[in-house]
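Remember, it's a predicted structure, so these values are computed and weren't measured experimentally. Note that ligands are numbered from 1 as they come in the structure, with each ligand's atoms numbered from 1 the same way.
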Amino acid sequence: MAVFTPVSPDEARAFIDGYDLGGLTAIAPIAEGVQNTNFRLETGAGRKVLTLFEGAPDDDDLRFCLGLTDHLAGRDYPAARVERDSQGRRLGRLNGRSAAVVDWVEGHGLLHPTPADHRTAGAALARLHLAAADYTATRPDPMGPDAWVSLLARCEAATADLAADNPDRAMTLALRPILDRALALRTGGLPSGPIHADYFPDNVLFSGGAVSGVIDFYFGCTGPLAWDLATALNAWTFDAVGARDDIAHAAFLDGYNTVRPLMPAETAALPALGAASALRFTLTRLHDRLHHDPAWLVTPKDPQPFFRRIGVWERG
Ligand SMILES: Nc1ncnc2c1ncn2[C@@H]1O[C@H](COP(=O)(O)OP(=O)(O)O)[C@@H](O)[C@H]1O
Ligand SMILES: N[C@@H](CCOP(=O)(O)O)C(=O)O
């Protein structure tokens with residue numbers, strides 16, 4: 001259930017009339033997703049997605065993300081083109097939320113990718129990095145080291161009264177030295193540029209064995225390209241309990257390298273980046289579980305599989 005902000009057909013029609021799309025003919029809620037409100041629209045100019053951005057994100061950050069997806073679409077990369085309203089704006093306002101209309105991209109996220117799919121997804125990430133390289137806007141990573149520090153502090157506060165053997169308290173305590181190691185990581189010498197930062201299987205749509213669309217650029221930011229790769233490896237090449245699938249890992253890396261060969265320094269940094277990236281997702285998931293608002297209607301994701309990934313990367 002990912003409709004947090006209702007939009008009536010009349011409200012949607014009035015909003016879409018502000019775009020040169022030949023009017024709205026149908027609107028349907030999109031059930032998937034955890035963060036924003038999404039609707040599928042049928043318009044005179046074809047099928048679109050209307051997104052209302054929840055949680056009051058900064059409009060400049062949204063403009064970076066929308067600009068990035070539109071930039072990629074303009075480079076023949078399978079990302080959604082972003083519609084501009086009659087005044088040339090990519091970002092509008094609907095029912096108290098910032099809102100945007102983007103092209104519908106065909107395809108489905110894969111639940112059980114094969115090694116061939118891993119190679120294809122790795123190659124598509126490398127193509128994203130190459131196609132995004134001349135996007136000149138910048139955005140610091142909203143989930144970078146400063147966020148890790150405050151997320152862990154909030155997890156520590158939320159679990160302070162729990163017994164040390166409580167699973168959430170135990171994980172929180174174990175994360176402190178891991179955070180200290182991650183904060184010591186130096187990435188300044190690695191190639192950097194626009195990155196997706198959430199290249200998970202649900203955000204990479206496939207059709208006929210090829211990547212037909214990459215969506216959800218809302219964590220998009222400027223950062224080390226190998227950081228994005230480390231996140232993607234965490235997302236794609238571990239099983240449900242957090243054990244590494246070596247075949248998937250090799251296939252994803254191989255696909256990436258065929259398009260954009262990694263520099264030796266990037267290869268050397270991958271284990272530390274992988275551990276830090278697994279920490280980032282452990283922290284957001286643990287934090288969201290500890291601070292869960294039942295009214296939010298979304299089941300928090302389990303941090304444990306990403307916590308296990310940290311150990312896998314650190315043990316080598
Ligand atoms: N451009 C698009 N084309 C087709 N489907 C889309 C598009 N954008 C989003 N979706 C659909 O909406 C769902 C939620 O979108 P997503 O951006 O991942 O939301 P959230 O950020 O809330 O998790 C996706 O799983 C997909 O089914
Ligand atoms: N991929 C993140 C959560 C972000 O959710 P998304 O639906 O916006 O991709 C995770 O798995 O923790």
Side-chain angles (χ1 to χ4, degrees), residues 1-5 27-43 45-55 57 61-62 65-66 68-70 72-73 77-83 90 97-111 121 141-143 147-148 151 195-207 211-221 228 230-238 240 242 277-292 296-310:
M1 157 71 191
V3 173
F4 306 108
T5 303
I27 174 168
I30 295 178
E32 293 91 356
V34 298
Q35 204 178 348
N36 295 314
T37 293
N38 290 295
F39 296 93
R40 190 179 71 190
L41 306 181
E42 306 297 342
T43 75
R47 184 171 288 178
K48 309 285 171 190
V49 175
L50 166 65
T51 300
L52 277 70
F53 298 100
E54 303 292 344
D61 290 338
L62 292 175
C65 300
L66 293 167
L68 177 56
T69 180
D70 211 23
L72 288 167
Y77 189 81
R81 217 170 44 79
V82 182
E83 296 294 345
R90 291 193 182 109
R97 304 281 183 274
S98 294
V101 179
V102 309
D103 268 354
W104 180 270
V105 291
E106 292 302 332
H108 296 282
L110 299 178
L111 292 179
D141 188 347
M143 288 296 153
W148 311 338
L151 284 164
I195 59 174
H196 185 284
D198 192 25
Y199 194 85
F200 277 57
D202 59 334
N203 290 330
V204 182
L205 310 187
F206 273 70
S207 177
V211 173
S212 54
V214 178
I215 61 171
D216 199 356
F217 281 80
Y218 303 116
F219 286 112
C221 58
D228 215 12
T231 294
L233 289 168
N234 273 322
W236 284 81
T237 71
F238 288 75
S277 164
L279 168 69
R280 170 257 187 263
F281 287 97
T282 305
L283 280 169
T284 46
R285 288 177 171 208
L286 179 63
H287 174 273
D288 291 356
R289 184 160 80 184
L290 290 168
H291 292 271
H292 180 59
W296 201 232
L297 293 174
V298 170
T299 310
K301 295 184 179 179
D302 184 5
Q304 187 67 37
F306 276 79
F307 181 64
R308 292 215 187 93
R309 284 162 168 77
I310 302 171

- Message: Measuring from atom OG1 of Thr69 to atom OH of Tyr77, what distance do you get when rounded to the nearest 0.5 angstrom?
- Response: 10.0 Å

- For Val105, is at least one N or O under 3.5 Å away from an N or O on ligand 1? yes

- Item | Under 4.0 Å to a heavy atom of Gln35 - the qualifying atoms of ligand 1, by number | 20 (P), 21 (O), 22 (O), 23 (O)

- Message: With nothing but distance in play, are any N or O atoms of Val34 less than 3.5 Å from an N or O of ligand 1?
- Response: yes

- Query: Does the distance from a Lys or Arg side-chain N to an Asp or Glu carboxylate O, for Arg47 and Asp103, drop under 4.0 Å?
  - Reply: no

- Query: Is there a side-chain contact between Tyr199 and Val204 (heavy atoms, below 4.5 Å)?
  - Reply: yes

- Query: Atoms of ligand 1 less than 4.0 Å from Glu32 heavy atoms?
  - Reply: 13 (C), 14 (C), 25 (O), 27 (O)

- Under 4.0 Å between heavy atoms, the region of Thr284 that gets near ligand 2 turns out to be neither

- Message: Show the atoms of ligand 1 that are less than 4.0 angstrom away from any heavy atom in Val102.
- Response: 1 (N)

- Task: May I ask whether Asp202 has any heavy atom positioned less than 4.0 angstrom from an atom of ligand 2?
- Result: yes

- Message: So that I can tick it off, tell me whether Arg90 and Glu83 are bridged by a salt bridge, with the cut-off set at under 4.0 angstrom between side-chain N and carboxylate O.
- Response: no

- Shortest heavy-atom approach to atom 5 (N) of ligand 1 - which of Tyr218, Phe200, Trp104: Trp104

- Which residues pass the ring pair (Phe, Tyr, Trp, His ring centres under 6.0 Å) test with Phe281, sequence neighbours left out? Phe200, Phe306

- Query: ligand 1 versus Ile215, non-hydrogen atoms closer than 4.0 Å: side chain, backbone, both, neither?
  - Reply: side chain

- Task: Could you list which atoms of ligand 1 come closer than 4.0 Å to a heavy atom of Asp216?
- Result: 16 (P), 17 (O), 18 (O), 20 (P), 21 (O), 23 (O)

- Residue Asp103 vicinity, atoms of ligand 1 by number, heavy atom under 4.0 Å: 1 (N), 2 (C)

- Note on the structure: Heavy-atom proximity to atom 2 (C) of ligand 2, picking from Asp198, Asp288, Val34, points to Asp198

